[in-house]
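Side chains are part of it too, since the values below use all heavy atoms of this structure and drop only hydrogens, waters and symmetry mates. The chains referred to below are lettered A, B, ... by the order of the sequence lines, with proteins before strands, and numbering in each begins at 1. The shown structure was predicted, so the numbers you read here are calculated from the model rather than taken from an experiment.
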2 protein chains.
Amino acid sequence: MPRQNVLSPFPQSSHVHARCLKVAVGKAEQACRTRGARLTSLRRRVLELVWRSHEPVKAYDILDRLRAERRGAAPPTVYRALDFLREEGFVHKIESLNAYVGCGEPGHLGSGQFLICRHCGEVAEIDDGDIAALIADRARQLGFASERQTIEVDGLCGDCRAAR
Amino acid sequence: MPRQNVLSPFPQSSHVHARCLKVAVGKAEQACRTRGARLTSLRRRVLELVWRSHEPVKAYDILDRLRAERRGAAPPTVYRALDFLREEGFVHKIESLNAYVGCGEPGHLGSGQFLICRHCGEVAEIDDGDIAALIADRARQLGFASERQTIEVDGLCGDCRAAR
DNA sequence: TTGCCAATTGTTATAATATAACATTTGCAA
DNA sequence: TTGCAAATGTTATATTATAACAATTGGCAA
């Protein structure tokens, strides 16, 4: 059995997204209580905006929405909130897109692997221990000690393949 | 035996880098002849600047050096040359660094896997078929068709681990 | 309770990365 | 040799991110 853990699946097109958002925020609240971290209203709002969909969100898109709600929102407002959310593992940055996506399993450490559909733009996150272990192993053979892995796979998700 | 191919190793500190550069440019010239692509003097110069070391190079660092040599160098000068070199597989972008690194095996297709030393900054490139296959396989189990993989591993290279 | 400290947020400015759009030049082939 | 496509020049601007310092807030020790 593969040590695979689907942290955020590609959702059914019919899924009720409000549920995803609510679950994610709830998990973040719980994690913050446990850790003694502060999920302020600003940070919570940015987390909600990241979770508006399963597509990665641009920092400046978040900023545009924040500006509509709070006077004085500026780039540092967003980037500082994102920094916090990333440190706590509630949000990941997709390096190949310069965009941010919610993490389905905030408690969970490690960076995961991202599947990015080039057609619908949605992202699924998995955490496959075999992949991580194989990469660490092959790096080790070259004397390299792996500490962090960035794995982003572009392609077509099942729905978009089927729709072709 | 792993299907591992080291495209660019971490070099010995004693290595004669001029040789790396010469070999890389020679391979690019050969590949361009074969493919009917044009390695103009600008593109060749940018390739040389990317190959100044085994550390990824920033686009604007390349631009600064170009400006010292040619009047009128501007961001598009560099980005267009990098686009060409990337399309031909002579250069890769390290997404997590927004920087560019030479490819040791230009003929070779596929995106490879990058080992990035957080201490010395140098990068090695491998192309491990087992890693690529495992990722494609696990994605496939979720209905996802992998087309391109971005794999960047941060850690410590052998020399830097030893020096600690 | 008060006043202090650290964390958070506000504010202004700027740095760093990248592309758009159009003009000019170059190299090659009909 | 001229005409076209590719390459490069040129100017402007878009996008992504951080620096630096000020103001505010929230908890907690005296």
Side-chain angles (χ1 to χ4, degrees), chain A residues 28-29 31-33 35-50 55-88 90-101 121 150 152, chain B residues 28-29 31-33 35-50 55-88 90-101 121 150 152:
Chain A
E29 279 171 347
C32 283
R33 267 193 298 274
R35 301 173 194 172
R38 291 176 57 198
L39 189 64
T40 63
S41 71
L42 173 63
R43 290 165 172 176
R44 178 197 315 263
R45 186 69 189 118
V46 171
L47 180 60
E48 289 169 358
L49 290 172
V50 169
E55 295 179 47
V57 179
K58 296 283 190 172
Y60 276 72
D61 289 346
I62 294 171
L63 177 55
D64 288 343
R65 292 185 176 273
L66 269 190
R67 280 200 218 268
E69 301 171 2
R70 346 191 138 218
R71 78 168 227 301
T77 314
V78 171
Y79 283 103
R80 286 192 293 225
L82 286 173
D83 287 346
F84 170 84
L85 297 169
R86 292 171 68 192
E87 279 163 14
E88 296 296 329
F90 305 153
V91 161
H92 293 293
K93 181 177 184 183
I94 305 295
E95 298 286 355
S96 58
L97 298 176
N98 293 321
Y100 303 84
V101 69
T150 300
E152 301 174 6
Chain B
E29 278 171 348
C32 283
R33 267 194 297 275
R35 300 173 194 172
R38 291 176 56 198
L39 189 65
T40 63
S41 71
L42 173 63
R43 290 165 172 175
R44 178 198 314 264
R45 186 69 188 118
V46 171
L47 180 60
E48 289 169 359
L49 291 171
V50 169
E55 295 180 46
V57 178
K58 298 283 192 171
Y60 276 72
D61 289 346
I62 294 171
L63 177 56
D64 288 344
R65 290 183 179 274
L66 268 190
R67 279 199 220 268
E69 302 172 0
R70 346 190 137 220
R71 75 169 229 298
T77 312
V78 170
Y79 283 103
R80 287 193 291 226
L82 287 173
D83 287 346
F84 169 84
L85 296 169
R86 292 171 67 192
E87 279 162 14
E88 296 296 329
F90 305 153
V91 161
H92 293 293
K93 181 177 185 182
I94 304 296
E95 298 286 357
S96 58
L97 298 176
N98 293 322
Y100 303 83
V101 69
T150 300
E152 300 174 5

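Here Arg43(B) reaches the OP1 or OP2 of dA7(D): one of its side-chain N or O atoms lies under 4.0 Å away. Phosphate proximity of dT16(D) to Lys58(A): present, with a side-chain N or O under 4.0 Å from OP1 or OP2. OP1 or OP2 of dA18(C) lies within a sub-4.0 Å distance of a side-chain N or O belonging to Tyr100(B). Phosphate contact (OP1/OP2 of dA17(D), side-chain N/O of Lys93(A), threshold under 4.0 Å): present. Checking the phosphate oxygens (OP1, OP2) of dT11(C), a side-chain nitrogen or oxygen of Arg71(A) falls inside 4.0 Å.
Where Pro75(B) and Ala81(A) each meet DNA chain C at their nearest nucleotide, the meeting point lying more 5' is that of Ala81(A). Mapping Gly72(A) and Ala59(B) onto DNA chain C by nearest heavy atom places Gly72(A) at the nucleotide closer to the 5' end.
Here the P atom of nucleotide dT15(D) and the CG atom of Asn98(A) are 13 Å apart, to the nearest Å. Protein atom CG of Leu97(B) is 16 Å distant from nucleotide atom P of dA16(C), rounded to whole Å.
Evaluated for a side-chain contact (heavy atoms from CB on, under 4.5 Å) with Val78(A), the options Leu42(A), Ile62(A), Asp64(A) yield exactly one hit, Ile62(A).
Between the side chain of Tyr60(B) and the base of dA18(C) there is at least one donor-acceptor pair of N/O atoms closer than 3.5 Å. Taking 3.5 Å as the limit, the base of dG10(C) and the side chain of Arg80(A) contain a donor-acceptor pair of atoms between them.
Of the candidate nucleotides dT8(D), dA7(C), dT12(C), dA7(C) has the atom nearest to the side chain of Arg38(A).
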Apply side chain to side chain donor-acceptor pair (under 3.5 Å) to the pair Glu152(B) and Ser96(B), showing each step before the final yes or no. CA-CA 7 Å; Glu152(B) 300 174 5; Ser96(B) 58; 2.5 Å; yes
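In this structure, Tyr79(B) does not pack face-to-face on the six-membered ring of dT19(C), missing the 5.5 Å centre cutoff or the 30° plane limit.
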